[in-house]
K.L.:
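Let me begin by handing over the structure; questions about it come next.
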Amino acid sequence: MNLSDLYHSALDGAFLSIDEGMLLFNESPLAELMYVADELRKKQVPHQKVTWQIDRNVNTTNVCIANCKFCNFYRIPGHPEAYITDIDTYKRKIEETFRWGGDQLLLQGGHHPALGLSFYTSLFSQLKDLYPSLKLHTLGPPEVAHICKLEKMSHRDVLMALKKAGMDSLPGAGAEILVDRVRRLISKGKCSAQEWLDIMREAHKLNITTSATMMFGHVETVRERFEHLDKLRQVQAEKPEGAKGFLAYIPWTFQDVDTMLAKIRGIHNLTTPEEYIRMIAISRIMLPNIKNIQASWLTVGKQTAQLCLHAGANDFGSIMLEENVVSAAGAPHRFTARGIQEAIREAGFEPQLRNQQYEWRKIPESMEEQTIDY
């Protein structure tokens, strides 16, 4: 293996092996790696637009028994701060979201031991009845696995019921690193790597649009990151013809403030801006069958995310009118609709508002600018 041959293979859209990808990650000059990834981006997304979204992350509940070592958001059952969001709160937040230009809720919560399938199908149906135009980007494979366990139902049957009730798309939440050694150390209460992947396979068979993620910079090895990428592209390669499958891939860095991983095991996020840019570039190179690569400005900040737009990323994600989980572990960055567009223009691209299906939207004429106060 030499770098020049690997660059040519990557530019041809080949599936590089784990060892080949690791060689590029470890040995390539950053400028060369960014160039190859940027050329691939131009082939897959040939316009000079960078997409972005307006949605809101609303938590169904903060009660969770998964006991992830990186999460400060959850509360155990019976905790005085435990809650289940009520319908009046949803209505207020949805109406604010529409006023601020959003079209979607990202609905996630915890592994609540008392909330089964009927809770979610009833909630989704009620929200759709109240707001027919609202899009629901809901749950994630670990929450689906939790529901399946509670109900003793198959992945397919649970996903079919959720889709019928109003699920428009399935986020790639809870992937962390799709290697069970890592999952046992940081998220033992969540589904296995295999179950996460199997749920996504089933979603693709049902033509439910999904995304994929990676949270890195904690206990994983570099090889385990590449094993994660290899598994994702394999699932994407298996999707039925005509299914969208993984529409986007979003890698972000572990946020360590006050987490159990930091306090008990001394694990801190030491990811540098260069390493994050390398991971974005490698993601574009290793995932030639996933069209959209998103830079996580929430965890790495504006300047690093802007550089990622020249290293294979073509999407800036959502301004997230509300976000409580990653922020609880220290992610400090925020954007308004105006701010995210300015950041994209500063990086040399044209901002383009989109929806979850990566269809372009016009900015609503009557949209109000959100005031950031959290």
Side-chain angles (χ1 to χ4, degrees), residues 55-86 89-90 93 105-115 137-146 171-179 182-191 196 211 213-220 250-272 276 294 296-301 304-305 317-335 372-374:
D55 72 355
R56 185 170 192 160
N57 298 16
V58 178
N59 302 107
T60 54
T61 178
N62 65 345
V63 175
C64 189
I65 56 174
N67 196 28
C68 295
K69 300 298 186 291
F70 54 84
C71 180
N72 294 336
F73 172 75
Y74 79 94
R75 298 294 183 267
I76 60 172
H79 191 282
E81 296 175 0
Y83 67 80
I84 298 172
T85 301
D86 59 64
T89 300
Y90 283 117
K93 291 188 175 189
L105 289 191
L106 194 161
L107 274 183
Q108 294 173 327
H111 292 30
H112 195 304
L115 300 185
H137 188 45
T138 59
L139 307 181
E143 287 178 273
V144 172
H146 177 67
E176 278 73 83
I177 297 291
L178 290 168
V179 175
V182 176
R183 300 177 79 78
R184 284 192 295 270
L185 291 172
I186 68 170
S187 55
K188 190 175 181 180
K190 280 182 178 170
C191 63
W196 193 100
S211 56
T213 63
M214 176 196 287
M215 184 188 74
F216 69 97
H218 40 87
V219 303
E220 87 288 351
I250 311 104
W252 63 72
T253 55
F254 162 57
Q255 302 297 289
D256 58 19
V257 175
D258 293 331
T259 63
M260 295 289 283
L261 274 177
K263 289 192 287 189
I264 293 178
R265 298 202 54 181
I267 304 295
H268 295 280
N269 173 25
L270 302 178
T271 307
T272 64
Y276 186 77
Q294 184 183 127
S296 175
W297 60 263
L298 176 66
T299 58
V300 301
T304 299
S318 174
I319 61 173
M320 290 182 284
L321 300 170
E322 176 183 349
E323 198 288 321
N324 302 305
V325 179
V326 181
S327 301
H333 307 290
R334 294 291 179 274
F335 268 135
I372 295 178
D373 59 0
Y374 64 96

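Only a predicted model underlies this, so the values are computations on that prediction, with no experimental measurement involved.
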K.L.:
Without swapping roles, check the side chain of Arg183 against the backbone of Ala175 for a donor-acceptor pair under 3.5 Å.
P.N.:
yes
K.L.:
Quick check against the 3.5 Å criterion: does Ser187 have a side-chain atom that pairs as donor or acceptor with the backbone of Cys68?
P.N.:
no
K.L.:
Enumerate the residue pairs fulfilling salt bridge (charged side-chain N to carboxylate O under 4.0 Å, His left out) with a member in residues 74-84, sequence neighbours excluded, ordered by first and then second residue.
P.N.:
Arg75-Glu81
K.L.:
Hey, are the side chains of Ile186 and Met215 touching, using non-hydrogen atoms and a 4.5 Å cut-off?
P.N.:
yes
K.L.:
Measure the spacing between CG of Leu107 and OG1 of Thr60 and express it to the nearest 0.5 Å.
P.N.:
7.0 Å
K.L.:
Using 30° and 60° as the class boundaries, would you call the ring planes of Tyr276 and Phe216 parallel, tilted or perpendicular?
P.N.:
parallel
K.L.:
What pair of heavy atoms forms the shortest contact from Pro141 to Pro171, and how long is it?
P.N.:
CD-O, 3.4 Å
K.L.:
Under 4.5 Å between any side-chain heavy atoms of Ile177 and His218, yes or no?
P.N.:
yes
K.L.:
Is the shortest side-chain heavy-atom distance between Pro77 and Ile65 below 4.5 Å?
P.N.:
yes
K.L.:
Can a donor-acceptor pair be found, under 3.5 Å and without considering hydrogens, that links the side chain of His112 to the backbone of Ala114?
P.N.:
yes
K.L.:
Does Val300 offer a backbone N or O that forms a donor-acceptor pair with the side chain of Trp252 under 3.5 Å?
P.N.:
no
K.L.:
Can you check whether Met214 reaches Glu176 side chain to side chain, under 4.5 Å on heavy atoms?
P.N.:
no
K.L.:
Using modelled atom types only, decide if a donor and an acceptor are shared between the side chain of Thr85 and the backbone of Asn59 within a distance under 3.5 Å.
P.N.:
yes
K.L.:
Which heavy-atom pair separates Lys190 from Gly174 by the least distance, and what is that distance?
P.N.:
NZ-CA, 3.8 Å
K.L.:
For residues Ser318 and Trp297, report the shortest heavy-atom separation together with the two atoms involved.
P.N.:
O-CZ2, 3.0 Å
K.L.:
Is there a donor-acceptor pair under 3.5 Å between the side chain of Thr61 and the backbone N or O of Gly109?
P.N.:
no
K.L.:
Taking all non-hydrogen atoms of both residues, which atom of Ile76 and which atom of Ala82 are closest, and how far apart?
P.N.:
O-CB, 4.3 Å
K.L.:
Tell me, please, which residues at least two apart from Tyr74 pass side-chain hydrogen bond (donor to acceptor under 3.5 Å, both in side chains).
P.N.:
Asn67
K.L.:
Looking at Ala173 and Gln108, what are the two nearest heavy atoms and their distance?
P.N.:
CB-NE2, 3.1 Å
K.L.:
Counting C-beta onward and ignoring hydrogens, is there a side-chain heavy-atom pair between Ser211 and His137 closer than 4.5 Å?
P.N.:
yes
